[in-house]
Amino acid sequence: MEIIRKNKEIMTEVNRIAEVAGYLWTKGWAERNGGNISVNITHLADDAIKALPAIAPTRPLGEKVPCLGGHIFYVTGTGKRMRYVAQAPFENGSIIRVSEDGSSFDIIAENPIVPTMEINSHLMMHNYLRSIGRKTTVVLHTHPTDLIGMSHCKPFLNSEHLTRTLWSMIPEARIVVPKGIGIVPLKIPGSMELAYATIEQLAHYDMLLWEKHGVLAVGDDIIDCFDAIDTMSKSAQIYFNARMAGYEPEGMTDEQLDALVPAFNL
Ligand code: 13P
Ligand code: ZN
């Protein structure tokens, strides 16, 4: 659709989404259709884009998202593969508009691609963050093998213990993910239960681990969200490599970790 293609800011953002989709695939975090992305592009859309007619039947949401009335998002499609989102973002995702009352959404461009099954989690996360005054635009969900692996070990289903372990592997982990990582107990993918459990944790963290399923990062920039997950994944790999080599990694001490706080304004 010309009107979207002519909007340089939206196309730049969609190209960045495609870039990250490619990273998710090459990282091995996006088997088949694993993972999904939503990005709020309302601030980039002009009035003509905001007024585009629906190109598919209106879809109800499981829970109202009143802070997102009229907002426009790029969302990856359900069942779509990240390696193809990278090549053709508009054949593997769509632009949607939330209704004014926040109870439903319409697909408005470019193709009638049905959004991810996690649409309720994504929009409820965007809605919650707006409700507390944050201008967060990105929710990135992916399936990093190493971090999911850690969620199969009971002691790591404690957020404090998991965060401390990952932070202590390399200084970057605490610098890049200063709030640490929250844990969301296992729920059925795509369910409202998963969405509600996710929102509960979002008050404290910008990165969440869905037990035995995947990871989510929220932020203002999709590259930063990718980097945050990549850094924690790196820490998980250092931990597992040490264990596989037969030793428990020493980790940084509390003093060494705390010294990062003033040094990097955390
Ligand atoms: P979708 O293909 O519907 O986005 O589902 C993938 C996924 O990762 C579910 O959590
Ligand atoms: Zn998933």
Side-chain angles (χ1 to χ4, degrees), residues 14 17-18 20-40 56-57 59-63 65 73-96 98 104-105 107 110-126 128 138-152 157 181-202 205-219 222 225-226 228-230 232-233 236:
V14 169
I17 295 167
V20 167
Y23 298 155
L24 302 181
W25 165 248
T26 49
K27 277 277 171 189
W29 299 349
E31 75 294 341
R32 196 170 177 267
N33 62 312
N36 26 73
I37 302 171
S38 63
V39 178
N40 193 328
R59 297 186 157 258
L61 288 166
E63 173 88 23
V65 287
F73 292 83
Y74 172 89
V75 187
T76 53
T78 187
K80 300 298 184 187
R81 293 160 170 84
M82 282 298 159
R83 60 186 188 268
Y84 298 150
V85 173
Q87 294 169 8
F90 290 120
E91 268 94 77
N92 295 281
S94 52
I95 295 183
I96 66 165
V98 177
S104 63
F105 68 88
I107 303 170
E110 292 198 347
N111 298 302
I113 308 290
V114 176
T116 170
M117 67 161 91
E118 307 292 2
I119 189 71
N120 281 295
S121 281
H122 279 251
L123 291 183
M124 284 165 65
M125 292 171 83
H126 286 286
Y128 171 76
V138 179
V139 175
L140 170 59
H141 166 55
T142 186
H143 296 173
T145 315
D146 34 45
L147 290 167
I148 297 169
M150 292 188 86
S151 80
H152 285 263
L157 290 177
I181 182 162
I183 312 276
V184 180
L186 181 64
K187 308 278 178 200
I188 304 277
S191 65
M192 287 308 292
E193 288 69 32
L194 180 57
Y196 291 127
T198 302
I199 298 306
E200 260 180 50
Q201 293 300 315
L202 204 53
Y205 306 98
D206 288 342
M207 192 187 298
L208 302 175
L209 180 61
W210 278 354
E211 179 187 347
K212 303 182 181 85
H213 175 162
V215 169
L216 294 119
V218 302
I222 187 148
C225 289
F226 170 80
I229 299 173
D230 192 31
M232 288 307 230
S233 162

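Only this structure's heavy atoms are used, side chains among them; waters, hydrogens and symmetry mates stay out. Order of listing sets the numbers, starting from 1, for every ligand and every atom in it.
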Of all protein heavy atoms, the one nearest atom 7 (C) of ligand 1 is N36 ND2, 3.3 Å
One finds that the ligand 1 atoms under 4.0 Å from a non-hydrogen atom of H141 are 8 (O), 10 (O)
Q) Does a side-chain heavy-atom distance below 4.5 Å link Y196 with S191? A) no
**Request:** Indicate whether any N or O donor in one side chain lies under 3.5 Å from an N or O acceptor in the other, for T76 and N36.
**Result:** no
Taking only non-hydrogen atoms of H143 and a 4.0 Å limit, the atoms of ligand 1 in range are 8 (O)
* **Sidechain-backbone polar pair: Y74 side chain, I37 backbone, donor-acceptor under 3.5 Å** => no
Q. Does any N or O atom in G79 lie less than 3.5 angstrom from one in ligand 1, N or O only?
A. yes
Ranked by distance from atom 9 (C) of ligand 1, the top protein heavy atom is E118 OE2, 3.2 Å
NE2 (H213) to the Zn ion (ligand 2) to NE2 (H143), nearest 10°, is 100°
Would you say T78 and ligand 1 have an N/O pair spaced under 3.5 Å apart?
yes
Hey, does M117 come in under 3.5 Å of ligand 1, counting only N/O atoms on both sides? yes
Q: Answer whether the closest heavy-atom distance between the side chains of F73 and L123 falls below 4.5 Å.
A: yes
Among N, O or S atoms, H141 approaches the Zn ion (ligand 2) most closely through NE2
Looking only at protein heavy atoms, what sits closest to atom 1 (P) of ligand 1 is T116 OG1, 3.6 Å
Rounded to the nearest 0.5 angstrom, the CE-CG distance for M125 and L202 is 4.5 Å
Atom 8 (O) of ligand 1 has as its nearest protein heavy atom G35 N, 2.8 Å
Review point. Cut-off 3.5 Å, side chains only: do E31 and H143 have a donor facing an acceptor?
Key: yes
Item checked: Side-chain H-bond candidate by donor/acceptor type, S151 with W210, under 3.5 Å -> no
of all protein heavy atoms, closest to atom 6 (C) of ligand 1 is N33 O, 3.3 Å
Quiz item: Between N40 and H126, do the side chains contain an N or O donor and an N or O acceptor separated by less than 3.5 Å?
Solution: no
